[in-house]
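Proteins get letters first, then strands, A, B, ... in listed order; numbering begins at 1 in each.
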Amino acid sequence: MIQGRDRLAIARRIAEDIPEGWFVNLGIGMPTAVSDYIPPEREVIFHAENGVIGIGPAPAPEEADPYLVNAGVQPITLLTGAALVHHADSFAIARGGHLDLCVLGAFQVDEAGDLANWAHGLTEPTRQIGGAMDLAVGAQRVWVAMEHCTKAGEPRLLPRCTYPLTARGVVQRVYTDLAVLEVTAAGFAVREMVPGLDFATLQSRTGATLQRG
Amino acid sequence: MIQGRDRLAIARRIAEDIPEGWFVNLGIGMPTAVSDYIPPEREVIFHAENGVIGIGPAPAPEEADPYLVNAGVQPITLLTGAALVHHADSFAIARGGHLDLCVLGAFQVDEAGDLANWAHGLTEPTRQIGGAMDLAVGAQRVWVAMEHCTKAGEPRLLPRCTYPLTARGVVQRVYTDLAVLEVTAAGFAVREMVPGLDFATLQSRTGATLQRG
Amino acid sequence: MIDKFVPSLTEAMAGIADGATVLIAGFGAGIPDTLLRGLLAQGARDLTLVVNAAASEEGPVAELLAAGRVRKVMCSFVRAASTASRLQREGRLEIEMVPQGTLAERIRAGGAGIQAFYTPTAADTVLAEGRETRVIGGKLCLLEHAITADVALVDAWEADRWGNLTHRATARNFNPIMAMAGRLTIVQTRHVVALGTIPPQHVQTAGVFVDRVLHVPEGDAA
Amino acid sequence: MIDKFVPSLTEAMAGIADGATVLIAGFGAGIPDTLLRGLLAQGARDLTLVVNAAASEEGPVAELLAAGRVRKVMCSFVRAASTASRLQREGRLEIEMVPQGTLAERIRAGGAGIQAFYTPTAADTVLAEGRETRVIGGKLCLLEHAITADVALVDAWEADRWGNLTHRATARNFNPIMAMAGRLTIVQTRHVVALGTIPPQHVQTAGVFVDRVLHVPEGDAA
């Protein structure tokens, strides 16, 4: 039995790859935890769609300020050096190419780098576009954090997304519970597997054909 | 010999027609003086293209702050209640319909309300577009302050402008040294003449056919 | 003397017509909740609401929806378990999904006199189906039109009698741009300050965008 | 540790290539005069300058023009008695006249990832000849493209090591939006402040837009 990374371990793994000085937006859900694993001496500046540049650690519950929340409407603190702007200015940052990285959750990613993360289908009543379409096309880099398969065991890494797209050809890397993969011209290239996992097993859990290393 | 209004008297005449509570942009030149004739108890808020909302009286020369200027790069003061914004936000005010009035200088105005105030011709090396095109199409009302004729005695109020246009069909009123005229569907209607001036004389100094009051 | 303060919620909400488009600011924080209750009481019907999220079964937006007062919602986020989704399934509500950044930019464009713009956001998604796209600077772009509205409902932290506003922390969000885009911009403010209290360089929403201001002291919901 | 301060004007201006497009902020106040002298000394040629006015025969913009370093100027204002007009008459300079609000909006669009927009400004003037117009919402509009630039030269009053800036009074003008639109944004600041000195809600240009900051104490022109 392979011990895959849990959600926090995926976030921690992503944090390892973010260098000092980057401006980064973290999507709602799994990506939000990434900032918890950036060592304090490494200055990385996190952005939220609702106008925060420089999110600090989560406050103790009794110190939460209802006027200070992130894009998931969770209480936050501000780093020393933070800035606050309005929503259009905040998305000017996201859409204008000023974010070095955006980490998003996804339902599906395909080997062309297409991203599907807002609906399971067009008639589905839950439609969580939020800022994902803006971030996906606007950020310099898009990394995805997600489970390798659905709870039902269906692959999420596909030759072609079947859910409605968020954006086309934008994903550069995918971090899952099982592996780190890069989207290349030849498709998904496996950069890293969790200990004990072999390539054939990873391939069996993946809808698209994987490239070695 | 008719005593026409001088430049400051034109400005004073315009000031009479501006009610309390309006947001007003004053163009460079003659219009700038309009604010001097608004009585202090009548709150009118003046805007400048370079990001000022709430221009106060001109400072004494020794109190001029080089960091605080109007769109003519003249020193200004700020009213209590003023706000400062950047250039795009300032033009969002002008272009977004938020100014009740813009008072502009002009070379020519025609009976369709067309305004020409940025160049005498297309090859002329002085081209002072500045913010006039933005203001002329964006403000709720455009009033023009100008001499009725050029120094050479040529009329400036015409059936059709001969100089390059700033904007088409935007001028509602013209205040000159001789008269106050309104642009109507039937052309220029004379609302007021300076004392001693008769209609025939005014018509003789005007390129377009005038309508009586 | 310019004084945009109104003494009551009824006067704040006066004149909103049936069929009006209403911008509703807020994102977790900065929601004009008192004005929304005022809109509920005021009675206007056949409304179009422009709001970031219609994700709830509670609160004044859900109540407006449940009361059958809304024809259409433009938003970036709906949930299955929301009044909006239920009404849409029942064929009683139109929902237009708009990416959040495009929503913000369309509202700003409306306030700034920009009629329409091209953006890469959503250009190669189902949201672009049947709509105008164009390649500009090598990027596929979608034409998006400005949003202006009859009414904007805005929350503020401080306001002066000219309508100059500050917004506290992330309660800023949509408030300044919705204030710009409303033909009638109505503000609820937690604090009233004397003219000149807000330094000119710290005004976050200039009074030029504001029509009426209602003082709603914090914790006071009426 | 993020530290955007550079110790010298030479380092501030390093790497500006021939053929670069350079945004030059300022409007009476807020002109990055030291950086402009640095650009003059740095030597890049064949430049396109985007600046509100090219109206003078003196000062560093006129010197850049006179030195034959500039291919094109985009501006809203030129005078007959200016170096720009003289060079244009001699066939040595291209001048693109842009209405000031359109200029500001095109720069903001560049910084905000908007590829192009429709505006009524100048739509029925000679500036629109041969260009795309369209009636939107009953208004004749002109298609205007975003301006992005290789370099933005920006003036500030205060800066911290992340590049958060304030601008004093009307020295703000084009500075925040040009900072957004430059791929390399270089700032001269009158004052250096510790991180956190500028309250988050009072930052006028966020450090996310800034690459390098040079301290130029007031009155010191080098």
Side-chain angles (χ1 to χ4, degrees), chain B residues 28 48-52 55 65-78 82 84-97 112 114-116 118-138 161 163-170, chain D residues 25-30 52-53 55 75-82 84-86 88-89 95 97-109 111-112 119-127 129 139-142 157 167-180 190 204-205:
Chain B
I28 295 174
E49 294 94 303
N50 57 326
V52 189
I55 301 173
D65 176 350
Y67 287 85
L68 190 53
V69 297
N70 65 12
V73 194
Q74 299 164 312
I76 58 167
T77 59
L78 296 177
L84 293 163
V85 297
H86 64 51
H87 235 84
D89 282 349
S90 184
F91 275 95
I93 294 171
R95 293 154 62 107
D114 295 0
L115 169 68
W118 66 279
H120 291 100
L122 293 177
T123 56
E124 186 195 340
T126 292
R127 284 147 292 172
Q128 310 182 346
I129 295 179
M133 289 187 183
D134 309 287
L135 289 160
V137 303
C161 291
Y163 291 170
L165 293 188
T166 304
R168 209 178 279 279
V170 296
Chain D
F27 186 103
N52 182 62
C75 66
S76 79
F77 202 97
V78 290
R79 270 189 230 282
S82 66
S85 278
R86 177 173 60 76
Q88 189 191 32
R89 280 194 302 275
I95 298 180
M97 295 303 300
V98 186
Q100 197 174 122
T102 293
L103 186 68
E105 191 66 24
R106 288 177 65 186
I107 293 164
R108 182 201 172 269
T119 175
T121 297
D124 48 15
T125 74
V126 294
L127 298 189
E129 275 176 17
K139 287 191 180 177
L140 182 71
C141 296
L142 179 61
W157 181 246
H167 311 279
R168 185 171 158 195
T170 55
R172 192 180 316 193
N173 59 67
F174 283 94
N175 283 291
I177 54 173
M178 287 191 172
M180 289 171 67
R190 295 306 186 195
Q204 293 176 10
T205 298

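- Proximity to chain B (any heavy atom under 4.5 Å) is restricted, for D:Arg108, to the side chain, taken from C-beta onward.
- With chain B as partner, the option from D:Val98, D:Val126, D:Leu103 having the largest number of non-hydrogen pairs under 4.5 angstrom is D:Val126.
- Note that the CD atom of B:Gln128 and the OG atom of D:Ser76 stand 10.0 Å from one another [nearest 0.5 Å].
- For D:Ile107, no part lies under 4.5 angstrom from a heavy atom of chain B.
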Discussion item. Between D:Leu140 and B:Arg168, does the side chain to side chain contact (heavy atoms under 4.5 Å, CB included) criterion hold? Intermediate values first, please.
Written reply: CA-CA 11 Å; D:Leu140 182 71; B:Arg168 209 178 279 279; over 6 Å; no
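- Taking the six-membered ring where the residue is Trp, D:Phe27 and B:His87 present tilted rings, their angle falling between 30° and 60°.
- The two atoms that bring B:Ala167 and D:Asp124 nearest to each other are CA-OD1, 4.0 Å, heavy atoms only.
- Summarising the geometry, atom CZ belonging to D:Arg172 is positioned 11.5 Å from atom CG belonging to B:Asn50; distances are rounded to the nearest 0.5 Å.
- In this structure, the side chain to side chain contact (heavy atoms under 4.5 Å, CB included) partners of B:Asp89, at least two apart in sequence or on a different chain, are B:Val85, B:His86.
- When heavy atoms are compared at a cutoff of 4.5 Å, B:Ala94 does not approach chain D at all.
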Fill in: Audit row: D:Arg190, B:Tyr67, side chain to side chain contact (heavy atoms under 4.5 Å, CB included) steps and yes/no
CA-CA 12 Å; D:Arg190 295 306 186 195; B:Tyr67 287 85; 3.6 Å; yes
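- Using a 4.5 Å cut-off between heavy atoms, D:Leu127 contacts chain B through its side chain alone, with no backbone atom that close.
- Residue D:Pro176 touches chain B through its side chain alone, counting heavy-atom pairs closer than 4.5 Å.
- In this structure, the side chains of D:Ser85 and B:Arg127 come closer than 4.5 Å at one or more pairs of heavy atoms.
- Counted within 6.0 Å of CZ on D:Arg86, heavy atoms from surrounding residues, nucleotides or ligands total more than 12; the atom is thus considered enclosed.
- Note that the CD atom of D:Gln100 and the CE atom of B:Met133 stand 12.0 Å from one another [nearest 0.5 Å].
- Contact record, B:Leu84 with D:Ala169: CD1-CA, 3.7 Å, taken as the closest heavy-atom pair.
- Distance check: B:Leu115 CG to D:Thr125 OG1 gives 11.5 Å after rounding to the nearest 0.5 Å.
- Looking at B:Ala71, the atoms closer than 4.5 Å to chain D (heavy atoms on both sides) sit in the backbone and in the side chain alike.
- Here the side chain of B:Asp134 pairs no donor or acceptor atom with the backbone of D:Thr121 at under 3.5 angstrom.
- The minimum heavy-atom distance linking B:Ile129 with D:Pro99 is given by the pair CG2-CA, 3.7 Å.
- Using a distance-only test at 3.5 Å, with no hydrogens or angles considered, a donor-acceptor pair links the side chain of D:Thr170 to the main chain of B:Val69.
- Nearest heavy-atom pair, B:Pro66 versus D:Ala29, reported as atom, atom and distance to 0.1 Å: O-CB, 3.5 Å.
- The part of D:Arg89 that comes within reach of chain B is its side chain, from C-beta onward, which places non-hydrogen atoms under 4.5 angstrom from that chain.
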